[in-house]
Amino acid sequence: MEKKTNLMAFGLMMMMLILSATTARADLCQDALKALMPCMAFLTGFSPPPPNAGCCQGAQDVLSKATTSADRKALCVCFKNVIGQGGILPDRAEQLPDLCKVKTPVPIRSDVDCNKL
């Protein structure tokens, strides 16, 4: 029951972030968060590794859209904001590209300097 409540609260938080995204490419952030919704059980620790196939497909879809410097910066800021809001385990977020065998042009960490991308 507690897991379900926590997952629902996390889902509501994600929806608030989607609706209030203020990055230069808010649409990219919104699309990324929607695509990564299948990853939430993995990212929040409710599901053990490896992430499921839907999660890995979403990660691939998101990262393949980071084709310009502006896109990479926008995704970086988006990821930092989501990880910084709590609920997502930073180590799980960092592991996601390796576990999904996805090459990432954007680090999925809260301590990265997005201006250097």
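Distance check: Lys101 NZ to Cys56 SG gives 8.0 Å after rounding to the nearest 0.5 Å. Rounding to the nearest 0.5 angstrom, the gap separating the CG atom in Leu99 from the SG atom in Cys55 is 9.0 Å. Once rounded to the nearest 0.5 Å, the distance linking CG of Leu89 with CG of Leu96 reads 12.0 Å. Within the model, atoms SG of Cys78 and CG of Leu33 stand 4.0 Å from one another, a figure rounded to the nearest 0.5 Å. The NZ atom of Lys73 sits 14.0 Å away from atom CG of Leu28, with the distance rounded to the nearest 0.5 Å. The distance from atom CD1 of Ile88 to atom OG of Ser110, rounded to the nearest 0.5 Å, is 10.5 Å.
Taking the side chain as every heavy atom from C-beta outward, Phe42 and Asn52 never approach each other to under 4.5 Å. Side-chain contact between Cys29 and Val82: absent, with no pair of heavy atoms (C-beta onward) separated by less than 4.5 Å. Leu36 places a side-chain heavy atom less than 4.5 Å from the side chain of Val62. Side-chain contact between Lys65 and Asp71 is absent, with no heavy-atom pair separated by less than 4.5 Å. Counting heavy atoms from C-beta on, the side chains of Asp61 and Gln57 come closer than 4.5 Å. Within the 4.5 Å cutoff, the side chain of Pro107 has no heavy atoms near those of the Glu94 side chain. Under the 4.5 Å side-chain criterion, counting only non-hydrogen atoms from C-beta, Ile108 is in contact with Pro97. Met40 places none of its side-chain heavy atoms less than 4.5 Å from the side chain of Phe46.
Taking every heavy atom of both residues into account, Pro49 and Arg92 meet most closely at CD-NH2, 3.7 Å. When every heavy atom of Pro105 is checked against every heavy atom of Ala66, the shortest pair comes out as CG-CB, 3.8 Å.
There is no side-chain donor-acceptor pair under 3.5 Å between Asn81 and Gln85.
SG atoms of Cys114 and Cys76 are separated by less than 2.5 angstrom, consistent with a disulfide link.
The cluster map of Ile, Leu, Val, Met, Phe, Trp and Tyr, joined by side-chain heavy atoms under 4.5 Å apart, puts Val102 and Val112 in different clusters.
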